[in-house]
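Reading through the structure tokens given below for one structure.
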Amino acid sequence: MDGPLTAAILIVSTTAAQVPSSDASASALRDVFQNDGAGKWDEPLVRVVSDDTIQIQRQLMAWTDGPNPINFIVTTGGTGFAVADVTPEAVRPLLHKEAPGLVHGMLAASLAVTPFAVMSRPVAGVRHKSIIVTLPGSPKGATENLQSIIKMLPHACQQAAGANSRALHKGGVKELESQAGIGASRDQPQGDRPQQHHRHGGHGHDHSHGHNHGHGHGHGHGHGSLVRHTNPNIAPLSNDPQLGPTRRHRESPFPMLQVDDALALITQHTPEPKIVTAKVDEHIVGSVLAEDVQARENVPAFRASIVDGYAVVVPADGNIKGVFPVAGVSHASPGEIAPLKEGQIARITTGAPLPPGATSVIMVEDTILKSMTDDGKEEKEVEIYAENVKEGENVREVGSDIKLGSAILSKGDHVSGVGGEIGLMAAVGVTEAKVYQKPVVGILSTGDEIVNYDRPGDLRLGEVRDTNRITLLSAARHWGFPVVDLGIAKDQSSSLEETLRDGLRSIDVLVTTGGVSMGELDLLKPTIERSLGGTIHFGRVAMKPGKPTTFATVQVKDNDGERVTKTIFSLPGNPASALVAFHVFVLPSLQQQSGAGAPGLPKVPVMAAHDFSLDSRLEFHRAVVSVGRDGKLSASSTGGQRSSKVGSLKSANALLRIPSGKGETLKKGSTIEAWMMSDIHC
Ligand code: AMP
Ligand code: MG
């Protein structure tokens with residue numbers, strides 16, 4: 001990694017959020033980056049939030065989940081035992097990997113200064129490509145903690161950002177220590193670590209006052225008595241489903257991503273396609289080739305006649321007028337053919353091989369029958385009228401359509417259902433080809449209220465027929481992907497976890513619907529993160545419908561015991577939202593995983609057939625695109641667009657990407673982008 005590393009400081013303090021001038025930690029920590037950072041750090045960004053789980057998580061995720069993640073983020077404050085102290089609880093669920101070494105390092109440094117360091121509850125770890133460390137709230141404690149780890153961090157940040165670890169480690173620990181500007185502790189017991197100066201400096205008194213590890217509000221209360229700032233009955237919010245509805249987040253902590261940013265994350269985290277050898281038969285249709293394909297044979301494989309007529313041996317002057325004996329016949333059928341000599345001709349049909357020695361073919365139209373055999377069934381002599389006949393006339397030479405060894409198809413070509421590509425492979429004797437394996441898609445509905453769509457009898461109060469599973473199974477199959485029906489899971493962490501685990505064993509891409517809103521039974525996100533150890537790449541998108549669409553990856557062992565990445569798309573439960581989200585987000589990932597170069601629905605500009613009123617979010621409006629009398633494409637709404645309205649997708653062939661703009665109108669006749677889901681109506 002070149003250039004300086006990026007850093008950010010998150011001040012977690014309700015006081016500082018109200019009175020920014022009350023914060024002293026930001027400038028103290030900035031100084032550490034500058035003075036102790038060995039010139040490796042950019043000027044850190046600074047933000048202030050209250051002691052509020054959502055605010056903390058939002059800001060951290062804004063720094064870690066975007067396209068340019070911050071390398072190293074420190075929070076300061078909220079790590080103590082006061083009721084309002086929620087920083088570790090806010091940070092821990094965001095971490096994809098914990099880093100207890102950093103925690104121990106900081107605690108050891110603080111303990112060397114004061115035994116009250118036990119009152120701090122730091123956490124540290126990695127989210128995506130960023131390292132996050134919680135520091136105590138007092139400027140002094142925060143400074144010392146950061147000083148104790150900062151020298152080691154450039155290396156860790158480079159690794160977290162994806163640098164090649166082998167290259168980083170090739171010089172061994174000694175090399176790392178010298179790069180970090182530190183001597184090994186075993187060689188230099190006093191090192192240059194700040195806490196050791198303190199230990200020997202004997203400033204114990206100073207620390208017992210200055211270290212406000214517990215409270216994190218910059219009040220400097222010391223450790224003697226804990227000060228409670230909030231009502232003890234208020235417990236921190238958590239995404240742990242065990243804690244029940246009173247402790248759930250009251251707003252989604254996931255940052256609201258723009259559709260294009262969400263799509264970029266999908267592109268980034270979709271696994272590489274697998275390559276398999278496939279037989280060239282109708283099942284290969286829809287696959288993408290993973291190799292260039294060469295002709296295994298010449299086409300034609302023999303010199304063939306282009307017309308019905310007579311094979312001749314043309315003399316040098318090209319003049320072949322006269323009466324000739326018909327020496328033989330060549331039909332388009334395999335077998336031996338007698339050679340032809342000058343002065344003889346042989347009857348030949350279209351596509352039949354030329355007799356050895358023949359140079360050209362004269363069309364039957366340029367000849368007259370002169371005499372027949374005695375039984376009247378065969379031609380005996382034929383008169384030819386042709387002048388200036390060239391060698392090779394009316395002959396398809398060997399390999400003149402396709403040469404043996406020439407490239408007929410390229411890696412990345414799509415074997416279409418139109419037939420051109422499969423025909424080409426069939427013509428040149430290619431019977432198998434390497435293709436990208438299509439991912440197997442598992443579809444799971446969730447919800448205690450959901451019943452099989454074909455369950456006989458009337459619905460009881462609260463029951464809902466499972467619309468999404470059959471719809472998405474059909475849609476995935478329509479786009480050419482093998483599907484597995486995973487049934488309906490109950491809204492219970494344990495059964496959901498089991499169903500997800502089972503599903504992940506047999507499929508490559510898991511698509512679930514329901515359970516991603518803000519209800520206490522909406523368990524998908526916590527189950528993916530907490531039980532499956534998955535990584536949620538986004539959990540909210542600025543679009544209508546489909547806002548809670550969630551995209552995650554999990555690592556699982558495949559049948560050979562190798563760790564592989566599988567993708568999970570958790571779509572909203574409302575049927576229209578689920579189907580729109582499938583086309584917008586799942587389809588491009590499936591296509592990418594099967595090697596297709598231009599993922600997603602085809603996009604074409606169309607004309608609005610009527611006014612459309614804009615929403616505050618980008619809208620994917622279900623519409624019918626048809627060719628008007630003027631030959632132009634125009635789009636009309638399918639009507640009511642409420643997310644629960646399945647009917648809004650009936651006969652829809654397109655999603656119109658209508659920009660956001662609350663209170664505004666997109667006028668009839670304006671150009672809009674249509675994402676085509678099926679054929680254009682004519
Ligand atoms: P949820 O996201 O689970 O809160 O679901 C949102 C809405 O979609 C609720 O009204 C659900 O009953 C409904 N819903 C969820 N799954 C399905 C499904 N498979 N078929 C039809 N409606 C569903
Ligand atoms: Mg539900």
Side-chain angles (χ1 to χ4, degrees), residues 239 241 244-245 248-254 256 262 441-477 483-497 499-500 503 507 509-529 536 538-552 568-586 617 620 622 640-650 652:
N239 75 345
R248 70 180 148 140
H249 293 308
R250 312 213 70 88
E251 237 185 298
S252 171
F254 289 91
M256 182 89 94
V441 187
I443 312 274
L444 174 74
S445 288
T446 71
D448 290 339
E449 78 282 27
I450 308 299
V451 297
N452 277 330
Y453 75 93
D454 56 356
R455 212 254 345 249
D458 294 338
L459 293 177
R460 286 187 297 142
L461 177 65
E463 284 184 334
V464 175
R465 290 201 190 271
D466 186 353
T467 318
N468 294 339
R469 198 158 38 107
I470 182 88
T471 312
L472 295 181
L473 284 167
S474 311
R477 214 178 265 134
V483 292
V484 174
D485 181 347
L486 297 174
I488 303 169
K490 292 275 171 224
D491 286 327
Q492 250 173 26
S493 282
S494 53
S495 80
L496 190 60
E497 181 187 342
T499 315
L500 293 178
I507 52 98
V509 178
L510 184 59
V511 179
T512 69
T513 63
V516 281
S517 322
M518 292 301 295
E520 74 267 26
L521 294 181
D522 289 330
L523 298 172
L524 254 303
K525 285 176 171 124
T527 307
I528 293 169
E529 281 196 314
I536 294 185
F538 62 81
R540 262 196 326 162
V541 189
M543 67 188 280
K544 182 187 158 184
K547 186 169 81 164
T549 301
T550 297
F551 168 61
I568 303 181
F569 291 88
S570 290
L571 311 184
N574 274 316
S577 315
L579 195 51
V580 167
F582 174 85
H583 282 99
V584 173
F585 296 115
V586 185
R617 279 177 274 157
F620 284 97
R622 284 73 86 197
Q641 299 283 305
R642 206 161 59 189
S643 359
S644 52
K645 270 192 96 159
V646 198
S648 65
L649 275 144
K650 186 187 137 283

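Owing to the predicted nature of the structure, the values given are computational and were not obtained by experimental measurement. Below, all heavy atoms of this structure are taken into account, side chains as well, without hydrogens, waters or symmetry copies. Note that ligands are numbered from 1 as they come in the structure, with each ligand's atoms numbered from 1 the same way.
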Proximal candidate to atom 18 (C) of ligand 1 [heavy atom criterion; set Thr513, Asn468, Val516, Asp522]: Asn468
Element-labelled atoms of ligand 1 that are located less than 4.0 Å from some non-hydrogen atom of Ser517: 1 (P), 2 (O), 4 (O)
Numbered atoms and elements of ligand 1 in range of Val464, under 4.0 angstrom, heavy atoms: 12 (O), 21 (C), 22 (N)
Heavy-atom check, side chain of Thr471 versus side chain of Phe582, under 4.5 Å: no
Nearest candidate to atom 15 (C) of ligand 1, where distance is taken over non-hydrogen atoms, out of Ala576, Gly573, Pro575: Gly573
Passing option when Leu571 is tested against Leu472, Thr512, Leu579, Val516 for side-chain contact (heavy atoms from CB on, under 4.5 Å): Leu472
Donor-acceptor under 3.5 Å (Arg469 side chain, Ser445 main chain): no
Contact (N/O only, under 3.5 Å) between Ile450 and ligand 1: no
Any side-chain heavy-atom pair of Asn574 and Pro545 under 4.5 Å: no
Atoms in ligand 1 with a heavy atom of Arg465 nearer than 4.0 Å: 20 (N), 21 (C)
Exam field: side chain Thr513 to backbone Pro572, donor-acceptor pair closer than 3.5 Å: no
Main-chain N/O of Thr527 paired with Glu497 side-chain donor or acceptor, under 3.5 Å: no
Which of the ligand 1 atoms, numbered from 1, are nearer than 4.0 Å to a heavy atom of Gly515: 1 (P), 2 (O), 3 (O)
Close N or O approach (Asn574, ligand 1; < 3.5 Å): yes
Donor-acceptor under 3.5 Å (Lys525 side chain, Gly539 main chain): yes
Within-4.5 Å side-chain heavy-atom neighbours: Val483 and Asp485: no
Numbering as shown, the atoms of ligand 1 that approach Ser445 to under 4.0 Å (heavy-atom distance): 19 (N)
Min heavy-atom dist Glu449 to ligand 1 below 4.0 Å: yes
Ligand 1 N/O within reach of Gly514 N/O, cut-off under 3.5 Å: no
